[in-house]
Amino acid sequence: MALYEWKGVNSAGKAVTGTREADAPKTLRQLLRKDGVVVTSFDLAKGNAKAKERAAKSSGLSKQVDLGALFGGVNKVEVAAFTRQMSTLLKAGIPLAETLGALTDQVTNVRFRTSLSEVRAAVNEGSNLADAMARHPKLFDELFVSMVRAGEAAGNLDEVLTRLADFLENAQKLKSKVQSAMVYPLVMLVVGVIIMVVLMAKVVPQITEMFVSQGKTLPLNTRMLIWSSDFIGNNVLLLLIGSVVAVVLFMKWSSSEGGKPVWHRAILKMWIVGPLARSLNVGRFARTLGTMLKSGVPLLRALDIAKQAEVEGVRDLRQAGLAKVR
């Protein structure tokens with residue numbers, strides 16, 4: 001264990017200092033993060049020569065590539081947490097370059113840390129934050145970059161980042177609620193399909209043998225059921241492959257330029273699903289537009305971003321003739 005002297009910012013935005021024992025710098029950051037402290041700088045306490053050697057070795061080991069994180073993506077929760085922490089540090093008076101350095105060192109996702117390192121390097125070279133983030137559109141979309149640029153121009157970047165973090169967190173909560181609401185119907189659909197396949201492939205043939213042994217003429221609907229059972233039982237593998245191919249083709253068609261408006265028009269005409277989709281898209285559009293206007297983004301620019309970058313569903317509504325965004 002080594003004893004570290006550290007400086008940081010707590011959840012209230014106040015600068016704090018202290019000492020703490022930890023195995024390595026990474027462990028120190030994790031321990032203080034659990035206490036709600038973002039570390040801005042640290043150093044080993046005096047008289048820790050051997051501990052410094054161990055920390056250097058540990059720091060070298062921590063630079064090894066984490067293959068799991070490398071092949072994984074960066075989710076919106078990580079981006080929102082980074083935005084919130086960045087806002088807190090800037091409000092505490094920490095310089096931008098130092099803020100980026102402290103947050104980059106604490107990110108565990110390899111892809112996210114690599115991109116943030118490039119952003120920090122660009123800022124240190126004299127680039128503004130918005131332009132540096134614009135080089136990574138998969139992490140920081142046009143909405144994010146435009147709000148940051150407006151915050152830099154107005155001199156209230158910390159407030160803009162706070163609004164942006166609130167927006168990202170609320171959007172993620174809404175997405176999670178919608179996904180949670182869809183889990184139960186999907187599970188019931190899958191279970192129902194499995195039960196039907198088992199009944200048609202295993203149970204119905206046994207009942208069919210009993211009917212055939214009696215030698216009686218069966219009603220048409222019963223004969224159709226027996227024929228369907230025989231067909232499914234003899235072609236289970238082909239039906240499974242065909243179903244997968246059909247799903248893949250449908251997903252490609254529904255995301256194409258020609259099929260997307262048709263599919264979304266059909267969704268909007270569905271019972272219950274249509275009004276829900278319309279409300280979600282309009283609500284998200286209004287929230288996005290309001291957040292950008294509060295942050296100082298010009299109206300026309302905000303409308304263009306909300307239409308093209310953030311709220312794809314509104315564009316589909318307009319193509320379907322059920323909503324107009326101008």
Side-chain angles (χ1 to χ4, degrees), residues 9-13 33 36 38 72-92 99 103 106-107 109 112 115-116 119 129-130 133-134 136-152 154 156-184 264 267-268 272-299 301-318 323 325:
V9 178
N10 61 16
S11 57
R33 191 186 307 168
V38 178
V74 181
N75 56 46
K76 293 295 184 181
V77 176
E78 292 176 293
V79 178
F82 163 77
T83 307
R84 177 77 63 189
Q85 292 172 351
M86 188 174 178
S87 171
T88 302
L89 292 178
L90 292 177
K91 284 182 179 179
T99 295
L103 295 178
Q106 299 182 61
V107 172
N109 188 301
F112 197 18
S115 299
L116 290 180
V119 171
L129 181 61
M133 288 181 166
H136 305 275
K138 292 184 178 180
L139 288 178
F140 308 108
D141 55 16
E142 192 174 358
L143 166 67
F144 198 109
V145 173
S146 295
M147 289 183 62
V148 169
R149 181 170 283 110
E152 287 182 306
N156 61 341
L157 182 59
D158 53 347
E159 297 179 5
V160 170
L161 289 174
T162 300
R163 296 194 192 102
L164 193 52
D166 292 337
F167 174 81
L168 293 174
E169 291 170 356
N170 291 333
Q172 190 62 31
K173 288 179 182 178
L174 177 60
K175 182 179 179 181
S176 299
K177 289 181 179 180
V178 174
Q179 290 177 342
S180 300
M182 293 298 294
V183 168
Y184 180 74
H264 281 271
I267 290 178
L268 292 172
I272 296 180
V273 177
L276 177 61
R278 189 181 299 108
S279 299
L280 287 174
N281 284 317
V282 173
R284 187 171 57 179
F285 169 76
R287 185 169 60 249
T288 304
L289 183 61
T291 302
M292 285 189 291
L293 292 177
K294 283 184 180 179
S295 301
V297 179
L299 177 60
R301 180 64 175 168
L303 282 170
D304 186 59
I305 295 171
K307 180 185 67 174
Q308 295 182 3
E310 178 63 18
V311 192
E312 185 178 359
V314 172
R315 183 176 68 243
D316 298 326
L317 289 173
R318 185 179 61 177
V325 179

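Heavy atoms only: backbone and side chains are in, while hydrogens, waters and symmetry mates are out.
- Shortest non-hydrogen contact noted between E78 and N75 is N-OD1, 2.9 Å.
- Evaluation of the side-chain hydrogen bond (donor to acceptor under 3.5 Å, both in side chains) rule for T162 yields S87, K91 as partners, not counting sequence neighbours.
- Of the candidates L299, L303, V297, R301 forms a side chain to side chain contact (heavy atoms under 4.5 Å, CB included) with just one, namely V297.
- Scanning all heavy atoms of the two residues, the minimum distance from M147 to V160 falls at O-CG1, 3.2 Å.
- Taking the side-chain hydrogen bond (donor to acceptor under 3.5 Å, both in side chains) definition, one finds that N156 meets it with nothing, sequence neighbours left out.
- Of all non-hydrogen atoms in A165 and A80, the two that sit nearest each other are CB-O, 4.1 Å.
- Side chains of F144 and L168 form a contact here, defined as non-hydrogen atoms less than 4.5 Å apart.
- Scanning for side chain to side chain contact (heavy atoms under 4.5 Å, CB included) contacts around L276 gives L280, with sequence neighbours left out.
- With sequence neighbours excluded, the residues that form a side chain to side chain contact (heavy atoms under 4.5 Å, CB included) with T88 are V9.
- Between S115 and the options M133, H136, K138, a side chain to side chain contact (heavy atoms under 4.5 Å, CB included) holds for only H136.
- Side-chain atoms of Q85 never come within 3.5 Å of backbone atoms of F82 as a donor-acceptor pair (strictly under, hydrogens ignored).
- Taking OG1 of T83 as the reference point, atom CZ of F140 lies at 7.0 Å (rounded to 0.5 Å).
- The minimum heavy-atom distance between L268 and A277, with the atom names listed, is CD2-CB, 4.4 Å.
- A search for side chain to side chain contact (heavy atoms under 4.5 Å, CB included) contacts involving I272 returns nothing, not counting sequence neighbours.
- For the side-chain hydrogen bond (donor to acceptor under 3.5 Å, both in side chains) test, residues two or more places apart in sequence or in another chain that qualify with R84 are D166, E169.
- Between the CG atom in L164 and the CD atom in E159 there is a gap of 13.5 Å [rounded to 0.5 Å].
- The side chain to side chain contact (heavy atoms under 4.5 Å, CB included) check on E152 picks up N128, L129, A130, V148, L157, with sequence neighbours excluded.
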